[in-house]
Protein chains: 2
Amino acid sequence: MLTHAEENYLKVIYHLSQTEDQGISTNAIAQKIDTKASSVTDMIKKLKEKDLITHEKYQGVFITQLGMYTAKMIIRKHRLWEVFLVDKLHFNWDEVHDVAEELEHIKSEKLINALDAFLGFPKEDPHGDPIPNAKGEIPYREKELLTETEENNNYMCVGVKDTSVAFLQYLDRQKIALGSTFMVLKHENFDHSVTILFQENELTLSKVVAQNLFVKKI
Amino acid sequence: MLTHAEENYLKVIYHLSQTEDQGISTNAIAQKIDTKASSVTDMIKKLKEKDLITHEKYQGVFITQLGMYTAKMIIRKHRLWEVFLVDKLHFNWDEVHDVAEELEHIKSEKLINALDAFLGFPKEDPHGDPIPNAKGEIPYREKELLTETEENNNYMCVGVKDTSVAFLQYLDRQKIALGSTFMVLKHENFDHSVTILFQENELTLSKVVAQNLFVKKI
DNA sequence: AAATATTTTTAGATTTGTCTAAAATTATAA
DNA sequence: TTATAATTTTAGACAAATCTAAAAATATTT
């Protein structure tokens, strides 16, 4: 059984491992958890002791199979609770993160599987991120960044890379939500902005925005 | 902001205060929390510092107005989550306590009020205990113990005093649930058992059972 | 009312998770 | 390739919540 702190570290190590085939550095973890490197070193010892990660002094952290499965169960809980908050309690997608960070630590397999069924076995959370199933399998969904799209093709918005309140509220103001469809009109070479035809209007999205919107060709 | 431990102590002190107009003794708290008296003394200092209780050395604990309100908000959360588990996730009434003990510590006023609305502003939890509203008001419901009833009158089961798994499963086996109706046939003087006419059968309930069943005359 | 028992508090220790400051190691640069 | 910089670990400290053992206060009993 893991403490809340151990679960939070493990989740961060899992996410960092997704885009890193080297060992994860102590500093990288410290930065994500917003803590000091010395605290991370201490926690590394505890997670290693529980066979969730491997670690040699000064060599970075690798997550084990057990660690990956455990992390995916935490992520499963987080994302299912987010769906609950949005679908059932009518939270906005920018309001769910902090509450889900607390709810993800509730320890009851029966609870989370019953919640999954109650929600209709959703495949994605309110930000378009995939929800691991009870076995730890993560459903694949085709998607690409708006920056990678082709002009004069139609796309549907299927996810956000940045899930910050600021970005989500920006999208709300532009009336862009998951499921929104549009045509890509022009990739501007100069500033890498993307102009789309959305709800009968031309809308220009900056590079930063385009780099954080996942879309799918339709 | 309170820690989980502080909330658990406060809840226990609140419950003990309901049936005690003296100060609550250190030992009484220790017994309920299943901890040592010395640990209780330490925690008393913390709760006193936060103005949730008053306490003079060796004199027992009294809960303050702030303490009562705070405790009722925790109980509100506990009972609303129990309703959610039973009504929405189809938990049995004997399976909800431990999970609700965890869920009651989730800190979000918006969450708990949205949950209240989602559940249709229930007045009672799955054991018939009243749910404080957002202001801390506790709805009153007429009820008496089965031991106090009159022969040849009709009653409805409206709550349980003992919420242990053993008692709840016993009631399940007898097919007695909240809302069940029956006629009280006989109070047996010898052993204080109560015989009822329930679903066309005579059923004799022991003194222990009758002392823990809340009913209402219909 | 003094002796005994019980309750409560204090003192000091332990575990978890954090910190600062210093030491050890690795990486970078002149 | 040595000097410098950055990273990582260790050492020691602290707060929260717990414990045991002993001391202090209160309650009970003869």
Side-chain angles (χ1 to χ4, degrees), chain A residues 1-14 16-17 20-63 67 70-71 74 101-102 104-107, chain B residues 1-14 16-17 20-63 67 70-71 74 101-102 104-107:
Chain A
M1 199 90 307
L2 301 183
T3 64
H4 289 199
E6 286 169 339
E7 290 193 343
N8 286 335
Y9 274 89
L10 186 62
K11 203 172 43 144
V12 162
I13 291 167
Y14 172 83
L16 289 172
S17 297
E20 179 66 75
D21 44 0
Q22 320 271 89
I24 309 302
S25 77
T26 301
N27 263 358
I29 299 166
Q31 189 227 308
K32 283 279 179 190
I33 303 266
D34 193 27
T35 189
K36 302 292 164 176
S38 56
S39 305
V40 175
T41 301
D42 287 344
M43 185 57 87
I44 284 172
K45 286 180 197 146
K46 293 169 192 162
L47 296 179
K48 186 183 173 183
E49 186 58 38
K50 297 187 176 186
D51 290 320
L52 298 162
I53 59 172
T54 59
H55 180 245
E56 297 304 324
K57 266 193 195 174
Y58 296 101
Q59 296 312 129
V61 165
F62 292 87
I63 192 162
T70 308
I74 302 164
E101 285 286 297
E102 290 193 60
E104 75 187 3
H105 300 298
I106 303 293
K107 295 200 165 34
Chain B
M1 200 88 309
L2 301 184
T3 65
H4 289 198
E6 286 169 339
E7 290 193 343
N8 286 334
Y9 273 89
L10 185 62
K11 204 171 45 144
V12 162
I13 292 167
Y14 172 83
L16 290 171
S17 298
E20 178 67 74
D21 45 359
Q22 319 271 89
I24 309 303
S25 77
T26 301
N27 263 357
I29 298 166
Q31 191 227 308
K32 283 278 180 192
I33 303 267
D34 193 27
T35 189
K36 302 291 164 180
S38 55
S39 305
V40 174
T41 301
D42 287 345
M43 185 56 87
I44 285 172
K45 285 180 197 144
K46 291 171 193 163
L47 296 179
K48 186 183 174 183
E49 185 58 38
K50 296 186 176 185
D51 290 319
L52 298 162
I53 59 173
T54 61
H55 181 246
E56 297 304 324
K57 266 192 196 176
Y58 296 99
Q59 294 313 128
V61 164
F62 292 88
I63 193 163
T70 307
I74 301 164
E101 285 287 296
E102 290 192 61
E104 73 187 4
H105 300 297
I106 303 293
K107 296 202 165 30

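Residue numbering restarts at 1 for every chain, and letters A, B, ... go by the order of the sequence lines.
Rounded to whole Å, the distance from CG on B:N8 to P on D:dA17 is 10 Å. One can place CG of B:L2 at 15 Å from C1' of D:dA17, the figure rounded to the nearest angstrom.
Remark: A:K36 engages no residue in a side chain to side chain donor-acceptor pair (under 3.5 Å) (not counting sequence neighbours). For A:E7, the salt bridge (charged side-chain N to carboxylate O under 4.0 Å, His left out) partners at least two apart in sequence or on another chain are A:K107. With sequence neighbours excluded, the residues satisfying ring pair (Phe, Tyr, Trp, His ring centres under 6.0 Å) with B:H105 are B:H4. Every residue meeting the side-chain contact (heavy atoms from CB on, under 4.5 Å) condition with B:K11, not counting sequence neighbours, appears here in chain and number order: B:N8, B:H15, B:I74, B:I75, B:H78, B:E101, B:E104.
For DNA chain C, the contact window with chain A, defined by any atom under 4.0 Å from a protein heavy atom, covers C:dT16 to C:dT26 in 5' to 3' order.
Taking all atoms of both residues into account, the shortest heavy-atom contact from A:I63 to A:S17 is CG2-OG, 3.7 Å. Scanning all heavy atoms of the two residues, the minimum distance from B:I24 to B:E20 falls at CD1-CG, 3.6 Å. Looking at every heavy atom in both residues, A:I29 comes nearest to A:Y9 through CG2-CD2, 3.8 Å. Nearest approach of A:L10 to A:A71, heavy atoms of both residues: CD2-N, 3.9 Å.
Here the CD1-CZ distance, from B:I13 to B:F62, works out to 12.0 Å after rounding to the nearest 0.5 Å. To the nearest 0.5 Å, atom CD of residue B:Q59 and atom OG of residue B:S25 are 12.0 Å apart.
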Without placing hydrogens or testing angles, list every side-chain donor-acceptor pair under 3.5 Å for residues 38-57 of chain A, not counting sequence neighbours.
residue: A:T41; atom: OG1; partner: A:A37; partner atom: O; Å: 3.2
residue: A:K48; atom: NZ; partner: A:H55; partner atom: O; Å: 2.9
residue: A:K50; atom: NZ; partner: A:E6; partner atom: OE1; Å: 3.1
residue: A:K50; atom: NZ; partner: A:E6; partner atom: OE2; Å: 3.2

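Within residues 44-52 of chain B, the residues having any heavy atom under 4.0 Å from DNA chain C are, by residue number, B:K45. Within residues 29-42 of chain A, the residues that have a heavy atom under 4.0 Å from DNA chain D are, in order of number, A:A37, A:S38, A:T41.
Applying the 4.0 Å criterion to OP1 and OP2 of D:dT9, one finds that A:H55 has a side-chain N or O inside that range.
Residue-to-nucleotide proximity on DNA chain C shows that, of A:M43 and A:Q59, the 5′-proximal contact is made by A:M43.
Using a 4.0 Å heavy-atom distance criterion, A:H4 is classed as making no nucleic acid contact.
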